[in-house]
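Heavy atoms only: backbone and side chains are in, while hydrogens, waters and symmetry mates are out. Naming: A, B, ... by sequence-line order, numbering from 1 per chain.
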2 protein chains.
Amino acid sequence: MKLALLGCGTVGSEVVRLMHDKADDLAARIGERMEIAGVAVRRPGRDRSHLPIDPNLFTTDALGLVKRPDVDIVVEVAGGIEPARTWITTALSEGKAVVTANKALLAADGASLNAAAVAGDADLYYEAAVAGAIPLLRPLRDSLHGDSIDRVLGIVNGTTNFICTQMTQTGASFGEALAEAGELGYAEADPSADIDGYDAAAKAAIIASLAFHTKVELSEVYREGITDVTAADVAAAAEQGCVVKPLCIATREPDGVSVRVHPAMIDKAHPLASVNGAYNAVFVEAEAAGSLMFYGAGAGGTATASAVLGDIVAVARHRRGGVTAFRPEAAWGDLPVKSIGEASTRYHVCMDVTDEPGVLSQVAAMFAHHDVSLATVRQAGRAASSAPADKQAAGAQLVVVTHAATDAQLSATVEDLSHSDLVREVTSVMRVEGK
Amino acid sequence: MKLALLGCGTVGSEVVRLMHDKADDLAARIGERMEIAGVAVRRPGRDRSHLPIDPNLFTTDALGLVKRPDVDIVVEVAGGIEPARTWITTALSEGKAVVTANKALLAADGASLNAAAVAGDADLYYEAAVAGAIPLLRPLRDSLHGDSIDRVLGIVNGTTNFICTQMTQTGASFGEALAEAGELGYAEADPSADIDGYDAAAKAAIIASLAFHTKVELSEVYREGITDVTAADVAAAAEQGCVVKPLCIATREPDGVSVRVHPAMIDKAHPLASVNGAYNAVFVEAEAAGSLMFYGAGAGGTATASAVLGDIVAVARHRRGGVTAFRPEAAWGDLPVKSIGEASTRYHVCMDVTDEPGVLSQVAAMFAHHDVSLATVRQAGRAASSAPADKQAAGAQLVVVTHAATDAQLSATVEDLSHSDLVREVTSVMRVEGK
């Protein structure tokens, strides 16, 4: 059995190392020895002498390596859209099994990769693309295939979970927590892909596609970053018995699916609330299985390489058996992805209001006007306000938690509130999830 | 594709219902329709008219049903050692795939079932036998097969986790919490299998076998129930920043494996500490993948039936492909299972001591004599003591937390302590896990 490795960065190097160190175990589990036929790299001159592999196996001709007749399995850990897509579709069209960790490509164009796998009758596995080493995609597509998934709630980005955890545990501001994440190596020099939610949105598209057996593309995922989360939001969450977490949420609706990525409050008793630091976790609600959660390291070369190795063994065993996995993706539907305006959840709304008699009932009436029903209303002190003393004396703060309402209803209500003479400012709006 | 169902109790009825309700989904995922060839029951006269199945399919001749030439897959949800073992080994020897939820049989004699599967070149799947619907066994044997598992820490019994959770959250005694578990349907009329640890020990044997690719039988698992856990233990745990949980612990040692089931303190920050109520979770430490956790409902007919259905689809797809899963169990080793005396962990020891000068240093010397090193020693008040006032005035309480030591070292130390004139009573010894 021969394998072509495309890319030899952090993950690729770990794959080489694990395949060498675990060669006997892998042979026992596959039924024969697995050989690396070649490793495609961009910069052939780089010193890779620390890797336990023959240096003559490095090549810059990735496509040539993919097409070599003796190659059975192609492992793509180079990343990016092109040329990775060409390599993968070429391999699949020639009936070769593909293992990839490329979430950007899967989120952007998973449908065409799946079509290539079906056309070539070849395996396409990508456990490492979402949530690192956590066995998530195979349980979703294999273990739960006698069940129906209603909702997936996930913390799928370690950087933003680390930032939210720091803000919760130390009272730090977003900027302070981001700086600390950078110092500890949890945030990149340009953290935009993480803090603006692009990384989580790509993973949400992949998860939703598998969970609901339908096509969901990155462009259909509603996305809000965590950059606007304030220390006051985190404190307000604590007062409600909640914590703020960077969530991805995918739900099956009667007439489609809803997929969104944004920070939200979640009850402290919810299992996701205790997922701290750079850890990831995905909480699945299935019709028969009930609530399940998968937890683990979401990133890191070794953890990701472990997931790649697991996939390599799976496709190698299929190949030895002369079969490919039955791919439910082949029968994927194309359910409508609903707009964010139709998404329904609860909301936590803070506002500074004038301190006149009747302000509470008038604010409540504005919610009622848009059919948004209220769970709790609390009039809070304004100890932390930076407003001038004279203005502060005449003001108050209202904290409202709604029952479930659509985003459109809530947005219209907030629009009304911000134009009202009674409301000086809507200081914070945050979704409340987990029920 | 035809299936024989052996047993039609809580789980079996749910399997019938799900196979009926999800017939179209199942057909899409398998590639053809799945038919129930017959259902073996013990009491044919019972009213089962609520089940969506032809009443003529019920039979009392389970073995005859297993042997019918048109049956491809045998699903055993009857439980017990015999006749279940005969049914399963007969099916496997005829090359039929078997799905079972029978943890008692797997723990008692997993090796002979696996041998029958290898001999018959047939699939043997049993996801439902451990931790209900949580996809655990297949991730352990499939997703992580490119990795090495160092340790598994699990909460695998819902009844005892419910009891420990109640004791922690309400300060209830063991008896009160057990009574409440009974009222809520979380404990059976005879709760011994749960509270004495037999159920958890069976699951620990199955988990350890899969995690370490070796034979571990129920009789080799060290077992302590939770009946001796007191409200004082739970309070002492809270003072240490811990909670008491019913754990199963399986570790790979340089010269074998260690498998034990007992209550233990675990740090509140550990992901298992937040697994409350009747939920189960299994925390896995793997060499490359790092820390992983699998969480979900551990019991219940519907959740268990979901796991059975997932296995049915898997073996049905293999059968359509004309293959069986490669079974790593076929290459299972027979590593020595170490005695409890060799198991190493930290300990929390409470004792009533005389209030003489130097008692602390002399007690510490007794630990040192057995090479048990101390992490913390605390002299506590005895407000809650029921001792007569005169005796109480002359006494004090010492709370010791050790560094890692073997069970043999600790037992010898406790033996010495209880014979010492300085120590009136060793009131509690509890293991501290999770680091």
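- Taking the side chain as every heavy atom from C-beta outward, Pro139(B) and Pro139(A) approach each other to under 4.5 Å.
- Listed in order of number, the residues of residues 275-287 of chain A that approach chain B to under 4.5 Å between heavy atoms are Tyr279(A), Phe283(A), Glu287(A).
- The candidate with the highest count of non-hydrogen atom pairs below 4.5 Å against chain B, out of Pro271(A), Ala314(A), Ala269(A), Gly290(A), is Pro271(A).
- Minimum interatomic distance between Ala289(B) and Ser306(A) (heavy atoms only, all atoms of both residues): CB-OG, 3.5 Å.
- Here NZ of Lys268(A) is found 12.5 Å from OG of Ser274(B). Values are rounded to the nearest 0.5 Å.
- When all heavy atoms are compared, the tightest approach of Leu292(A) to Ile134(B) is CD2-CA, 3.8 Å.
- Residues Phe294(A) and Phe294(B) have side chains in contact (heavy-atom distance under 4.5 Å, counting atoms from C-beta outward).
- Heavy atoms of Leu18(A) lying under 4.5 Å from chain B belong exclusively to its side chain.
- In terms of non-hydrogen atom pairs under 4.5 Å with chain A, the most contact-rich of Ala305(B), Ala297(B), Ser148(B) is Ser148(B).
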